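Please read the structure below before turning to the comments.
Keep in mind the model is a prediction, meaning the values are calculated, not measured. Proteins get letters first, then strands, A, B, ... in listed order; numbering begins at 1 in each. Only heavy atoms go into these numbers, but all of them, side chains included; no hydrogens, no water, no symmetry mates.
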Amino acid sequence: MFALCDCNNFYASAERLFRPELIGKPLVVLSNNDGCVIARSEEAKACGIKMGDPEFLVRDLIKKFDIHVFSSNYVLYGDISERVMHNLGRWFPRLDVYSIDEAFGWLGGIRNLENYTPVIRSSVIRNTGIPVSIGVAPTKTLAKLANKLSKKAGGVMVLDTDKKISAAVKDFPVHDLWGVGRQHYKKFEQLNISTAGQLREMPEMWFKQNMTIIGQRMWNELWGRPVIPLDAVRETKKGITVSRSFRNYIEHPDILAEALTLYASRLAEKLRAENLRCLYLQVFLYTNKNREDHPQHFPSHTHKLLIASNSTSDLVSIAVRVSAMLFKYGVKYRKAGVIASGLVPESELQLNVFASHDNGKKDVVSQVLDKLNLAYGRGTLRMATEGYDKKWRLKHEYLSKGYTTRWADIIKVI
DNA sequence: TCTGGGGTCCTAGGACCC
DNA sequence: TCTGGGGTCCTAGGACCC
């Protein structure tokens, strides 16, 4: 049996952990650049704020109901997430951490799940202060479904018999199923399928012909036949991305180069932190697709390195060069990013006869960068092309403190 | 005026190989 | 006039996830 444990309104709950006076009050967390709502407390949901609502469109509601607003504080959420996962790990010998706020656990050979599961739940809540819900079922897809139902059933839902599964599936909205997005939903709608129960009754042949292998998997999982395994050991990453929207539009290549310098520097740091190098560096630019009156441009280019690298100066110079190549005058750019792929461990450096190389040594400049920035804070030492005033930099006006990660922000008890 | 960021998996199609 | 078949690898793009 699989258990899906997920934190309720995770970012909102994490913010509330250090602001107990906000318990029972409406609260939302905004995306980067304070763009749109990405988490709401139950009270904020009741005020009519929807997931993904742009902040400027719900500003009136926020004022009207006196909703507390936070910019996203990923350092804080990452740290709280680790605590939750650590606690879950004590109950599940095999834990598959699926995202920042949820994990699949394996419940093999345990009987009496109806009694056991609530114990796990209350233990995690007691130890971390973060409310969690747990759904239990014979497949991952059904565990996700059970988890969703658990939110309105006291935080725990165990589907351990065919009878319980059939009852749960019967009226479950098909668009809430794991793996059903807008496109698949449209397809189901045309066939008058609106519940998971109806979907399950379709012949397997239909999935084969209309939905690729993903549909067949879903069909089997809905019938309680596990097809998606527990992924206890995360495989190495396939790619690493750093991308951000700009606070203001960028319309000049030199300013664009500043942003790309920062993003490529961050990317190189991330690669070094994971002891990886990349063979491909992709650079992309976006315009604002919500503005039909602006000329649109979504160029991208992938550069292949002769030798895999994670050096800040290498990646920055490529990113800046490629961005200059992609840039067009007269276009308002909204966002840009860099993606590293073709990742190889530092220990497996493949040399190239046609290029100079460092014989596998770490490059000294990057080492110094990492050392100084770790000791004195990110950005202490950086590349000159990153610029000085950075008007394009992220907006986060409602940022909470680094309660658990920054000495100066630790709560004092007087 | 103001609409996030970082991932995964799958498929189709092209290039290339023998 | 008639020009194969079976692979692999890579990339782009779509769909989905949180």
Side-chain angles (χ1 to χ4, degrees), chain A residues 4-11 28-39 49-60 62 69-74 77-78 81 96-104 140-141 144 147-148 175-188 207 210-218 227-229 231 234-249 263 266-267 270 274 279-280 282 284 286-294 298-304 332 334-343 394-397:
Chain A
L4 177 67
C5 316
D6 129 302
C7 304
N8 302 346
N9 316 326
F10 181 53
Y11 297 168
V28 296
V29 178
L30 302 179
S31 63
N32 267 334
N33 238 359
D34 293 343
C36 33
V37 174
I38 53 168
I49 305 259
K50 287 196 277 303
M51 188 68 170
D53 277 348
E55 184 269 345
F56 71 96
L57 288 182
V58 291
R59 212 167 274 165
D60 290 344
I62 289 173
V69 178
F70 290 91
S71 303
S72 25
N73 184 345
Y74 291 106
Y77 311 149
S81 170
D96 172 3
V97 178
Y98 179 67
S99 75
I100 193 163
D101 75 331
E102 62 189 88
F104 288 99
K140 279 187 164 183
T141 303
K144 287 283 283 187
N147 177 276
K148 222 158 225 177
H175 56 259
D176 282 342
L177 269 179
W178 193 39
V180 177
R182 276 238 295 285
Q183 299 307 315
H184 288 153
Y185 180 57
K186 232 189 264 170
K187 214 175 255 178
F188 298 150
F207 289 89
N210 292 278
M211 282 193 62
T212 79
I213 197 164
I214 296 192
Q216 285 175 68
R217 255 182 230 167
M218 194 187 309
V227 190
I228 307 171
D231 226 345
R234 275 270 156 255
E235 287 168 34
T236 46
K237 287 187 187 171
K238 309 260 170 18
I240 299 181
T241 306
V242 174
S243 75
R244 296 278 179 283
S245 303
F246 314 128
R247 179 190 282 242
N248 309 110
Y249 293 119
Y263 302 169
R266 282 288 299 125
L267 184 64
K270 281 187 174 186
E274 307 219 16
L279 263 172
Y280 299 92
Q282 184 185 352
F284 64 87
Y286 282 178
T287 43
N288 185 350
K289 60 180 186 310
N290 296 305
R291 291 293 297 261
E292 284 171 22
D293 51 330
H294 288 180
F298 302 93
S300 113
H301 177 79
T302 306
H303 177 97
K304 186 174 195 301
K332 296 172 187 294
R334 190 73 235 294
K335 175 177 175 172
V338 280
I339 305 174
S341 58
L343 305 184
L394 275 187
K395 190 163 100 182
H396 37 51
E397 282 171 15

### Counterpart base for C:dC9, defined by Watson-Crick or G-U wobble contacts under 3.5 Å
B:dG14

Please determine, for the side chain of [X], which listed nucleotide ([options]) has the closest atom?
X        : options               : value
A:Ser99  : C:dC18, B:dT8, B:dG5  : C:dC18
A:Ser245 : C:dC18, B:dG4, C:dC16 : B:dG4
A:Ile38  : C:dC16, B:dG4, C:dA12 : B:dG4
A:Phe56  : C:dC18, B:dT3, B:dG5  : B:dT3

Whole-Å distance separating the [atom1] atom of [X] from the [atom2] atom of [N]:
X        : N      : atom1 : atom2 : result
A:Leu394 : B:dT3  : CG    : C1'   : 14 Å
A:Lys140 : C:dC16 : NZ    : C1'   : 15 Å
A:Ile49  : B:dT3  : CD1   : C1'   : 14 Å
A:Tyr77  : B:dG6  : OH    : P     : 15 Å
A:Arg217 : B:dC10 : CZ    : P     : 4 Å
A:Asp101 : B:dG5  : CG    : P     : 19 Å
A:Met211 : B:dT11 : CE    : P     : 12 Å
A:Glu102 : C:dC16 : CD    : C1'   : 13 Å

Considering every strand and a 4.0 Å limit on heavy-atom distances, what is the contact class for [X]: base, sugar-phosphate, or nothing?
X        : answer
A:Asn32  : sugar-phosphate
A:Glu55  : nothing
A:Tyr286 : nothing
A:Arg244 : sugar-phosphate
A:Ile228 : nothing
A:Gly239 : sugar-phosphate
A:Ile213 : sugar-phosphate
A:Lys395 : nothing
A:Phe10  : nothing

Check whether any side-chain nitrogen or oxygen of [X] sits under 4.0 Å from OP1 or OP2 of [N], and answer yes or no.
X        : N      : answer
A:Lys238 : B:dC9  : yes
A:Thr241 : B:dG7  : yes
A:Ser72  : B:dG4  : no
A:His184 : C:dA15 : no
A:Arg334 : B:dC2  : no
A:Tyr249 : B:dC2  : yes
A:Tyr74  : B:dG6  : no
A:Lys144 : C:dC18 : yes
A:Lys289 : B:dT3  : no

### Query
To the nearest 0.5 Å, what is the distance between CG (A:Asp293) and CG (A:Asn288)?
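Going from CG on A:Asp293 over to CG on A:Asn288, the span is 9.0 Å.
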
### Task
For A:Ile240 and for A:His294, find the nucleotide of DNA chain B with the closest heavy atom, then tell me which residue's nucleotide is more 5'.
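Checking each residue's closest nucleotide, the 5'-ward one belongs to A:His294.
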
### Message
Please compare A:Lys270 and A:Cys36 by the position of their nearest nucleotide in DNA chain B and report the one closer to 5'.
### Response
A:Cys36

### Query
Does A:Arg59 pair with A:Glu55 as a salt bridge, N-O distance under 4.0 Å?
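Yes.
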
### Message
Would you say that A:His175 contacts A:Phe188 through its side chain, given a criterion of any heavy-atom pair below 4.5 Å between the two side chains?
### Response
no

### Task
Check whether any side-chain heavy atom of A:Ile49 lies under 4.5 Å from a side-chain heavy atom of A:Ile62, and answer yes or no.
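A:Ile49 reaches A:Ile62 side chain to side chain.
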
### Query
In terms of heavy-atom contacts, does CD of A:Glu397 have more than 12 from other residues, nucleotides or ligands at under 6.0 Å?
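Yes.
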
### Query
In whole Å, what separates the P atom of B:dC17 from that of C:dT3?
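About 23 Å, rounded to a whole number of Å.
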
#### Entry: Whether A:Phe104 and A:Trp178 hold their rings parallel, tilted or perpendicular, with breakpoints at 30° and 60°
tilted

### Message
Whether the side chain of A:Ser81 engages the backbone of A:Ile100 through a donor-acceptor N/O pair (distance < 3.5 Å, no angle test) should be reported.
### Response
yes

### Query
With distance as the sole test, does A:Asn147 use its side chain to make a donor-acceptor pair with the main-chain N or O of A:Leu4 at under 3.5 Å?
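Looks like yes, one N/O pair under 3.5 Å.
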
